[in-house]
Engineer: 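Input: one structure, supplied below.
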Amino acid sequence: MKAPEYVQGTPNWIDLATPDPDGAKAFYTKLFGWTYDDVPTDQGAPYIMIYKDGEVVAGLSKGPDDFPTVWSTYIAVDDVEASTEKAVAAGGSVMMPVMDAMGTGLMSFVTDPGGAFVGFWQAKTHKGASVVNEPNYWTWSELMTTDIEGSKAFYQAVLGIEGHTQDMGGMEYTTWIAGGRAVGGMMKTPMEGIPNHWHTYFATDDVDETCELITANGGAIHAGPMDIAIGRMATVADPWGAAFSVISMPEWPTA
């Protein structure tokens with residue numbers, strides 16, 4: 001489906017920082033059928049736009065030597081300067097100060113009080129992913145944290161979004177609400193040793209088949225495949241250690 005309007009508090013973009021952009025391109029093409037466009041930047045290395053059937057999916061870049069190999073989530077904001085200042089006032093820290101992303105938008109990176117880092121994006125020409133919630137596209141971002149109530153308070157204060165917690169098959173799950181609709185999720189980290197982080201989900205028609213492709217091309221399976229309340233999923237990693245999940249559902253969300 002075409003992406004809905006990205007009101008403040010809505011995750012609107014994801015990108016991958018990796019030590020091997022060319023290898024990552026090959027891996028994710030085999031997995032999801034993606035194509036790529038290298039966009040020159042004033043930092044030297046290009047920023048790589050990811051496409052599927054002509055639609056903008058995500059971004060890809062060579063990460064700094066001291067930066068983890070990771071999929072990052074960005075959240076739409078109306079005023080990136082104000083949101084960054086609010087994050088600090090609410091107990092967060094600035095990981096990357098506000099910068100102009102070559103005229104496409106203004107961005108910053110912050111860490112919440114639990115240490116999870118997230119990007120803030122004030123759009124100019126680039127609004128975010130153009131299609132979501134279809135197989136081989138991004139479908140969900142979820143904060144995994146050891147402090148559910150503290151995270152609710154932080155993101156409410158900074159972005160104005162609300163966290164609604166409910167029981168889902170014996171597990172408490174929190175849904176983030178922005179502009180009257182569900183825009184993301186939050187759950188307790190499932191085991192010790194997993195750092196607090198924003199986790200990325202990609203949709204697929206067949207989780208088991210996708211997991212076979214992942215392992216056949218050098219990736220790893222961390223959990224699953226398993227049936228869950230809304231479908232079937234697995235948590236996996238690419239060959240460089242970037243973790244993400246793949247999920248299939250009987251009916252994809254339409255809004």
Side-chain angles (χ1 to χ4, degrees), residues 6-17 58 63-64 66-99 107-122 128 138-168 170-178 182-202 222-223 228 233 235-237 241-245 247:
Y6 291 120
V7 300
Q8 172 156 307
T10 307
N12 67 327
W13 187 243
I14 52 170
D15 63 13
L16 174 66
D66 59 349
F67 197 78
T69 304
V70 65
W71 279 100
S72 298
T73 291
Y74 296 72
I75 297 177
V77 296
D78 296 330
D79 185 329
V80 70
E81 291 274 5
S83 295
T84 305
E85 290 173 2
K86 287 181 179 179
V88 173
S93 301
V94 177
M95 184 178 179
M96 188 188 77
V98 175
M99 64 171 285
M107 62 177 286
S108 69
F109 263 99
V110 304
T111 54
D112 66 24
F117 67 87
V118 66
F120 291 157
W121 183 265
Q122 180 183 338
W138 173 40
T139 189
W140 195 245
S141 281
E142 173 182 275
L143 176 61
M144 292 189 178
T145 180
T146 53
D147 185 4
I148 298 296
E149 294 306 317
S151 296
K152 283 183 184 180
F154 176 80
Y155 289 97
Q156 169 81 45
V158 176
L159 301 174
I161 59 176
E162 298 180 356
H164 292 180
T165 302
Q166 59 184 334
D167 183 270
M168 291 186 66
M171 179 193 76
E172 284 196 342
Y173 192 83
T174 300
T175 303
W176 295 111
I177 305 296
V183 297
M186 176 170 60
M187 63 177 287
K188 275 272 193 181
T189 50
M191 63 185 71
E192 290 186 10
I194 297 177
N196 294 348
H197 70 285
W198 278 86
H199 189 73
T200 301
Y201 286 73
F202 294 106
H222 290 330
I228 58 174
M233 66 159 286
T235 300
V236 303
F244 59 98
S245 289
I247 186 169

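Here the structure is a predicted model, which is why all the values come from computation and not from measurement.
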Engineer: Could you tell me whether a side-chain N or O of Gln8 sits under 3.5 Å from a main-chain N or O of Leu159, the two making a donor and an acceptor?
Structural biologist: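 Checking the backbone N and O of Leu159 against the side chain of Gln8, a donor-acceptor pair under 3.5 Å is found.
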Engineer: Does Phe120 form a side chain to side chain contact (heavy atoms under 4.5 Å, CB included) with Val158? I'd like the steps, not just the answer.
Structural biologist: CA-CA 11 Å; Phe120 291 157; Val158 176; 3.8 Å; yes
Engineer: Can you find a heavy atom in the side chain of Tyr173 that is under 4.5 Å from one in the side chain of Glu142?
Structural biologist: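 Yes, side chains in contact.
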Engineer: Below 4.5 Å, heavy atoms only, C-beta onward: do Val110 and Met95 meet side chain to side chain?
Structural biologist: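 In short, these two side chains do not touch, never coming nearer than 4.5 Å.
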Engineer: I need the minimum non-hydrogen distance between Ile148 and Lys188, along with the two atoms involved.
Structural biologist: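 Looking at all heavy atoms of both residues, the closest pair is CD1-N, 3.8 Å.
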Engineer: Can you check whether Pro97 reaches Thr84 side chain to side chain, under 4.5 Å on heavy atoms?
Structural biologist: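 Of all side-chain heavy-atom pairs linking Thr84 with Pro97, none is under 4.5 Å.
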Engineer: Mind checking the CE-CE spacing from Met107 to Met96? Nearest 0.5 Å is all I need.
Structural biologist: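 Atom-to-atom, Met107:CE and Met96:CE are 3.0 Å apart.
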Engineer: Heavy atoms only: give me the nearest Tyr155-Asp112 pair and the separation to one decimal.
Structural biologist: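 Nearest pair, atom of Tyr155 first, then Asp112: OH-OD2, 2.8 Å.
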Engineer: Can you check whether Leu143 reaches Val118 side chain to side chain, under 4.5 Å on heavy atoms?
Structural biologist: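 When only atoms from C-beta onward are counted, Val118 and Leu143 do not touch, as no gap falls below 4.5 Å.
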Engineer: Say whether, by atom type as modelled, one donor and one acceptor occur between the side chain of Trp176 and the main chain of Gly185 under 3.5 angstrom.
Structural biologist: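 Between the backbone of Gly185 and the side chain of Trp176 there is a qualifying donor-acceptor contact (under 3.5 Å).
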Engineer: Which heavy atom in Ala178 sits nearest to a heavy atom in Ile161, and how many Å separate them?
Structural biologist: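 Reported closest heavy-atom pair: CB-CG2, 3.6 Å.
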Engineer: Regarding His164 and Glu162, is there a side-chain donor-to-acceptor distance under 3.5 Å anywhere?
Structural biologist: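 A pair is found: one side chain offers a donor N or O, the other an acceptor, under 3.5 Å apart.
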Engineer: If you define the side chain from C-beta out and look only at heavy atoms, does anything of Trp13 sit under 4.5 Å from Trp121?
Structural biologist: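 Counting from C-beta outward, Trp13 and Trp121 never come under 4.5 Å.
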Engineer: With heavy-atom distances below 4.5 Å as the criterion, would you say the side chains of Ile75 and Trp198 are in contact?
Structural biologist: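 In short, these two side chains touch, coming nearer than 4.5 Å.
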Engineer: Keeping Asn196 on the side-chain end and Gly114 on the backbone end, is there a donor-acceptor pair under 3.5 Å?
Structural biologist: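 Looks like yes, one N/O pair under 3.5 Å.
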Engineer: When rounded to the nearest 0.5 angstrom, what is the spacing between CZ in Phe202 and CH2 in Trp140?
Structural biologist: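 Between atom CZ of Phe202 and atom CH2 of Trp140 there are 15.0 Å.
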Engineer: Do Glu81 and Gln122 make a side-chain contact, defined as non-hydrogen atoms from C-beta onward lying under 4.5 Å apart?
Structural biologist: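 No - every pair of side-chain heavy atoms lies 4.5 Å or more apart.
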Engineer: Calculate, to the nearest 0.5 Å, the distance between atoms CH2 and CG belonging to Trp138 and Asp15 respectively.
Structural biologist: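 Spacing of CH2 (Trp138) from CG (Asp15) equals 10.5 Å.
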Engineer: If we only count heavy atoms from C-beta on, is the His197 to Val70 side-chain gap below 4.5 Å?
Structural biologist: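 Side chain of His197 against side chain of Val70, heavy atoms only: no contact under 4.5 Å found.
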Engineer: Kindly compute the distance separating OG1 (Thr175) from CE (Met187), expressed to the nearest 0.5 Å.
Structural biologist: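 That separation rounds to 12.0 Å.
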Engineer: Check Ala90 against Ala157 and note the closest heavy-atom contact, atom names and distance.
Structural biologist: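 Reported closest heavy-atom pair: CB-CB, 4.5 Å.
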